[in-house]
Amino acid sequence: MTWTMEAFDQHGKRRDVEFSRSAEWLRGEGDAADVVLSSRVRLARNLAGQPFAPKASRQDRQQTLEQVRSVAFRAKLVPELLWIDLHEAGPLERTLLVERHLISKQHSKGRSASGGPAADEPRALAFSFPDERFSAMINEEDHLRLQVIRSGLALSEAWKVIDTVDDRIEESLDYAFPDRFGYLTACPTNVGTGLRMSVMLHLPGLRLTGDIDKVKRAAQDMSLAVRGFYGEGSEAVGDLYQLSNQTTLGKSETQILEELQGEILPRIIEYERISRRELLAKRRIGMDDSVWRALGTLTHARLLTTEEAMQLLSMVRFGILIGLIKGLQQTVVNQLMLLAQPAHLQRAVGKELAQEQRRIARATLLRGELLRHLDGRAPRNGE
């Protein structure tokens, strides 16, 4: 079973892409990386004079695809841009891209003009390779969804990059932009700037102290969306939450950035760090027990679901960050969070697996990787 994915470069030449075992949002580098795994800035854009993607015909979608592809390569948005026609990719390949946060679940499945699933509807992904820091979904909910992602708290940096990319595209494409409303989008909640700024937060301390619900309520009061691991419609797993702005109309991009990065996020980061210190000071034995139980389960379990693995890895990462586990890097645990996902797991073992087989393979893979990094030895047969 091959795990390379077919893509095309700016010359139309076919490329077999082999993705790395990690991704930008899990590098564990940058400002406040102990709490903020990654920062993402996304822009929603639509072409003037064309039906929105959910109401577009197959011919309309194909025309949009061709227009965007021509402009994306001609504008030289990034040093190396690759293009994947998702309607020609297999379901497992598309799932891999969802797990890498390059496309949404909706984009993976596709959607017809009637609203139902349509996996063969023309749609695509353009992305920077090999760093995967920039990506563009074509014919998702909007004609264009541009995304820049960075490790750690780096919304300002991501905004500067995506603003430049957006300007280059707009030099050649006419966006739907009436002066009264700003950028028009398929969903009214994105009208105006079309901007979503979000961060992936690891908040085990706030969950363990029972304060996570307070943070969620406070965020909602400030018109912020709190979502799960894969964004809209997903649940939080492994104490990972996506926090993003909801207001796109009536506020400038600069205002949204300043509120999030300058005011709101520093408070949440500090609350999480305070929670971690309090847990270590007041509940040291309990934290010791929870962290080492998690590591013990991961290094001995024979069956693991994705959700179980993510929660256990979250506790191990927590243990590393508060100094209870030595000799294991958080970047290793970050990487394992990706490898525990279904498509990456099957890629690692080199074949498609049924659900029960995935539980066995996941436990075996995580056990072996952790033992190798902890004491330099691979597990023997039966370990």
Side-chain angles (χ1 to χ4, degrees), residues 26-38 151-153 199-219 226 228-229 235-243 264-302 304-338 340 362-363 366-377 379 383:
L26 285 176
R27 284 196 301 119
E29 300 174 3
D31 188 29
D34 60 318
V35 178
V36 184
L37 269 72
S38 65
S151 180
L153 181 56
V199 288
M200 180 79 77
L201 301 169
H202 186 220
L203 304 176
L206 288 168
R207 177 184 62 83
L208 290 166
T209 57
D211 292 326
I212 191 66
D213 287 335
K214 294 179 185 177
V215 172
K216 290 180 182 179
R217 287 194 297 270
V226 181
F229 187 60
E235 298 294 325
V237 293
D239 300 317
L240 296 173
Y241 301 86
Q242 286 193 45
L243 183 76
I264 297 167
L265 287 172
R267 292 185 212 168
I268 295 176
I269 291 167
E270 185 57 24
Y271 291 155
E272 171 63 21
R273 288 172 174 168
I274 289 172
S275 295
R276 294 177 186 183
R277 290 195 294 268
E278 288 181 351
L279 287 165
L280 195 57
K282 299 177 181 179
R283 294 163 52 182
R284 172 64 183 255
I285 297 299
M287 291 303 97
D288 238 345
D289 183 70
S290 296
V291 165
W292 287 103
R293 277 177 184 270
L295 185 59
T297 301
L298 286 167
T299 53
H300 290 82
R302 268 47 181 177
L304 285 173
T305 65
T306 306
E307 291 75 17
E308 286 175 316
M310 289 293 286
Q311 194 57 53
L312 292 167
L313 288 168
S314 170
M315 284 304 298
V316 171
R317 186 178 192 272
F318 174 65
I320 294 169
L321 293 171
I322 62 176
L324 295 179
I325 297 178
K326 310 291 185 182
L328 184 63
Q329 299 298 315
Q330 64 150 312
T331 50
V332 172
V333 178
N334 290 354
Q335 182 187 74
L336 294 181
M337 286 182 171
L338 186 63
R362 184 176 293 108
L366 297 182
R367 187 170 71 246
E369 289 286 328
L370 284 168
L371 288 174
R372 181 168 65 86
H373 283 93
L374 282 167
D375 59 14
R377 66 184 177 90
E383 273 194 333

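Not measured: the values here are computed from a predicted model.
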Taking every non-hydrogen atom, the tightest pair across [X] and [Y]:
X: Arg362; Y: Ala340; value: NE-O, 2.7 Å
X: Leu324; Y: Trp292; value: O-CZ2, 3.4 Å
X: His202; Y: Phe318; value: CE1-N, 4.2 Å
X: Asp34; Y: Leu321; value: O-CD1, 3.4 Å
X: Ser275; Y: Thr209; value: OG-OG1, 3.7 Å
X: Gly28; Y: Thr331; value: CA-CG2, 4.4 Å

Side-chain heavy atoms of [X] within contact of [Y], under 4.5 Å:
X: Val36; Y: Asp31; result: no
X: Asp239; Y: Arg317; result: no
X: Val332; Y: Glu369; result: no
X: Leu240; Y: Met200; result: yes
X: Leu298; Y: Val316; result: yes
X: Leu201; Y: Glu272; result: no
X: Met337; Y: Met310; result: yes
X: Val35; Y: Val199; result: no

Checklist line | Pair Arg284-Asp288, salt bridge (charged side-chain N to carboxylate O under 4.0 Å, His left out): steps then yes or no | finding: CA-CA 6 Å; Arg284 172 64 183 255; Asp288 238 345; 3.7 Å; yes
Note to self: Counting only heavy atoms not in Arg277 (residues, nucleotides, ligands), do more than 12 fall under 6.0 Å from its CZ?
What the structure shows: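 Yes, enclosed.
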Next item on the list: Flag yes if more than 12 heavy atoms outside Glu270 fall under 6.0 Å of its CD atom; otherwise flag no.
Entry: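 Correct, the count exceeds 12.
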[X] side chain to [Y] main-chain N or O, any donor-acceptor pair under 3.5 Å?
X: Ser151; Y: Glu29; value: yes
X: Arg367; Y: Arg302; value: no
X: Arg283; Y: Ala281; value: no
X: Arg276; Y: Gly205; value: no

Checklist line | side chain to side chain contact (heavy atoms under 4.5 Å, CB included) assessment of Tyr241 paired with Lys216 | finding: CA-CA 10 Å; Tyr241 301 86; Lys216 290 180 182 179; 3.7 Å; yes
